[in-house]
Each structure stands twice: as structure tokens, then as C-alpha cells.
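To start, the structure itself, in C-alpha cells.
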Amino acid sequence: MPTSDNFALIDLDRRDLGEGEVRIANSWLSVDPYMRGRMNDVKSYTPPFEIGKPMDGGAIGTVVESRSDRFKEGDTVQHFAGWRDEAVLPADQVQPLPELDVDPQAYLGQLGMPGMTAYFGLLEVAGAKEGDTVFVSAAAGAVGSTVVQIAKAKGLRVIGSAGGAEKCAWVESLGADAVIDYKSGTPVVKALGEVARNGIDVYFDNVGGEHLDAALAHANLHARFAVCGMIDVYNSSKPTELRYLARLIGNRIRIQGFIVSDFKDRSADFYRDMGGWLKDGKLKRNETVFEGLETMPAAFLGLFSGGNMGKMLVRL
């Protein structure tokens, strides 16, 4: 587990803009579980952070200076140079916000990368369809809570897992048909069996570990698992034990990992459907907000102790 001692807050010299660059005053910064993997110097789908160099991540901000025809001062934009109060970037690395009636920070959560992960993971990777029972781990998180709502918008039966009474109540308010509290002391495999009497057809995995094993135990014939995260093992050196792994043979279970960038060319599909559900009042979101750049490490570490309900954000 990282600690606050692994982070340093430093000042960088302000530099003039080059041709085609913009200067952005950041207002909202994102922390996400995948960032933990970037702290390991290993080959992965995204390069690791470099010691002594600024970290990065999703951000929303306002253009305060521009040497590009694409953006003018005052434009609200999104980009990937977070973990800092000011970003200087080539204009082609900056995007305008889609025109939906939401607060700007929503594009770091439900209407951004976490929401796209939920949408494409559930509907494309898992191929969720009418009549399915869907099990969602970390159902009170940014991704999981959106999976619950998309599944209900599609008319599916949804079982969520969350930690603690408050989070479970919120997941229920999103429309989940059943919610298990993994902090209650009852093993997840037993708790899931009590509410999934007829098994599950889809498992959306944000956690891994005990939740993945429980899903294997109760998976129906030809069940589909979409795996976007395994936060349970990110800070552990112990191997994952899957007692029910052999069930994937007889039940022909398909387990597929995915990265949201696999679907980067299909954002129009996402915004079309999410915009419609938003207009129809079928989407809710929650945010846990830390204040100030100096709180970034605390916000990030809070992801691994269940410190967030909905999207974890830092406001500058």
C-alpha cells in the first residue's frame, strides 16, 4: 500500500507557451484505481509513472492562455494532465466538453472514462441481454454505480455488492434488486447465494479476489464476466485463491478483461445512450470531493479503503 511519504508536492517554473499550445487552470482532478498499477515499473497497457516527474490523470479546467486556433480563453476543457494546478499542453491533447446538461466534473466520472468503462463492459464485453441477472462488485463506486443504472435502464435484474449500510442503501436507491454488504461478516459466496437463487448470468468485476470467486460459484451456464479492475489485489503480494475456478469448464463461463480505450472510437454511442437516459431521469451520480491540490495523495489512497461513494474527485 502506498503512503503519503511516496508523494511530494513541488513547484515547477512557469514557462511561455509554444505555438499551438494552451495553458489551462485546472479546477477538477480525478484519482482512479488504475493509477496504482502505474506505480509499478512493469510493462502494461499504459506507461508507469516516472520517479521525480509529475503524475498525470484526468482533469477539467479553463483555458487561461492560448496560442491555438482551436481554443480561446475561457473555454472549459478536459485533458490528461492532472495532479497539478496548471497544465501546458499541445491543443491536440485537449478536448472540449460534450454538450450535455451536467456539471463539468461529471465528465471525469459517470460521463467520462468510468462511465464508458461501465457502458462498454456491460453491453459489449459481457453482452448483457434481456432476462440476465447481473452481479456488480464495488457497486457504490464510480464504475459500479453506473453499471447498476445502465443495467436497470436495460430492464435487467441487478445484484450489487458494497461495503457498509450507507453505501448499500445508496446502491438500492439506484434501483438494484438486491445488495450484499461484504463488510457484514458473511462470506460473499454465501451472501450472493442467498440473493441469487437462480444464479448469475453476468458478473462485472471491479474487485477480484473473494468477489470473483463467489461469482464463479454462482455462475450459470454460459455466464459472461467482464473484468475491468481487481482493486482487492493491487496492494497485495499474495496470490489470489479461486476455489471455484474449475466451474468455468462445465458451465462454459467466459471471462474477459478489457480496457476502456478498446472502445475509444465509439464514444458517440456512449454519449447518445447516456444522454438519453440522463434526459429521462434514469441516471444519478454521487461524488466524494477533497479540496486542494495537497489532498491528492489522500484522495487516491482513500480509493483502497472504501473512502469514496461514487466518483472520487479533488477540487482546486
Side-chain angles (χ1 to χ4, degrees), residues 1 33 36 117-118 121-122 125-126 128 132-149 151-152 156-251 253-257 302-310:
M1 183 74 177
R36 176 61 184 86
T117 302
L122 179 67
V125 179
D132 281 344
T133 293
V134 179
F135 176 43
V136 187
S137 58
V143 175
S145 62
T146 305
V147 174
V148 170
Q149 294 176 78
K152 292 310 298 179
L156 309 181
R157 182 170 188 262
V158 180
I159 300 169
S161 174
E166 182 182 8
K167 289 185 178 181
C168 288
W170 185 57
V171 175
E172 287 181 353
S173 76
L174 299 178
D177 299 277
V179 184
I180 63 175
D181 182 355
Y182 71 85
K183 291 185 176 180
S184 67
T186 301
V188 176
V189 66
K190 181 178 180 181
L192 181 58
E194 291 174 352
V195 295
R197 299 291 186 184
N198 296 316
I200 64 169
D201 305 293
V202 169
Y203 174 47
F204 195 106
D205 193 13
N206 294 292
V207 175
E210 186 182 5
H211 281 78
L212 176 56
D213 205 30
L216 286 165
H218 297 289
N220 289 332
L221 189 66
H222 299 302
R224 293 89 64 204
F225 289 18
V227 182
C228 78
M230 290 191 176
I231 199 169
D232 196 47
V233 302
Y234 290 169
N235 297 299
S236 175
S237 60
K238 298 179 181 178
T240 298
E241 282 191 23
L242 297 175
R243 295 173 297 168
Y244 302 101
L245 184 61
R247 295 195 76 246
L248 67 83
I249 303 170
N251 280 27
I253 301 165
R254 174 168 60 82
I255 302 177
Q256 182 176 337
L303 294 171
F304 303 102
S305 59
N308 62 299
M309 187 149 62

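Heads up: numbering here begins at 1 and tracks the sequence. Only heavy atoms go into these numbers, but all of them, side chains included; no hydrogens, no water, no symmetry mates.
Scanning both residues, V179 and A162, for their nearest heavy atoms gives CG1-N, 4.5 Å. When all heavy atoms of A118 and V147 are compared, the closest pair comes out as CB-CG2, 3.4 Å. Looking at every heavy atom in both residues, A140 comes nearest to K167 through CB-CB, 3.9 Å. Pairing each heavy atom of N220 with each of D201, the nearest pair is ND2-OD1, 3.1 Å. Of all the heavy atoms in I200 and A223, the pair that sits closest is O-CB, 3.9 Å. Across all non-hydrogen atoms, the minimal contact from L174 to S145 is CD1-CB, 3.7 Å.
At least one side-chain heavy atom of D132 sits under 4.5 Å from a side-chain heavy atom of R224. Side-chain contact between V195 and I180: present, with at least one pair of heavy atoms (C-beta onward) separated by less than 4.5 Å. With a 4.5 Å cut-off on side-chain heavy atoms, I159 and T133 count as touching. Annotation: side chain of F225 is not in contact with side chain of D205 (no heavy-atom distance under 4.5 Å). Considering only heavy atoms from C-beta on, N235 comes within 4.5 Å of R36 through its side chain. Residues I231 and N206 are not in side-chain contact: their nearest non-hydrogen atoms beyond the backbone lie 4.5 Å or more apart. At least one side-chain heavy atom of V134 sits less than 4.5 Å from a side-chain heavy atom of L122. Taking 4.5 Å as the limit, some side-chain heavy atom of H218 sits within range of a side-chain heavy atom of V189.
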For the pair F204 and V125, evaluate side-chain contact (heavy atoms from CB on, under 4.5 Å) and give the outcome as yes or no after the intermediate values. CA-CA 10 Å; F204 195 106; V125 179; over 6 Å; no

I'd like to know whether D177 forms a salt bridge (charged side-chain N to carboxylate O under 4.0 Å, His left out) with K152, so could you lay out the CA-CA distance, the side-chain angles of the two residues, the decisive distance to 0.1 Å, and finally the verdict. CA-CA 9 Å; D177 299 277; K152 292 310 298 179; 2.9 Å; yes

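Between the N308 side chain and the G141 main chain, no donor and acceptor come within less than 3.5 Å of each other. Side-chain atoms of D213 come within 3.5 Å of backbone atoms of R243 as a donor-acceptor pair (strictly under, hydrogens ignored). Side chain of S173 to main chain of W170: a donor-acceptor pair is present (N/O by atom type, distance under 3.5 Å, no hydrogens or angles).
Heavy-atom neighbours of K190 NZ from other residues, nucleotides or ligands within 6.0 Å: at or below the threshold of 12. The environment of CD in E166 is sparse: at most 12 heavy-atom neighbours from other residues, nucleotides or ligands sit within 6.0 Å. Counted within 6.0 Å of CD on E194, heavy atoms from surrounding residues, nucleotides or ligands total more than 12; the atom is thus considered enclosed.
Between atom CG of residue L216 and atom OH of residue Y203 there is a gap of 9.0 Å, rounded to the nearest 0.5 Å. Distance check, rounded to the nearest 0.5 Å: CD1 of I253 to OH of Y244 gives 13.0 Å.
Aromatic ring orientation, F135 versus H211: parallel (interplanar angle below 30°, classes split at 30° and 60°).
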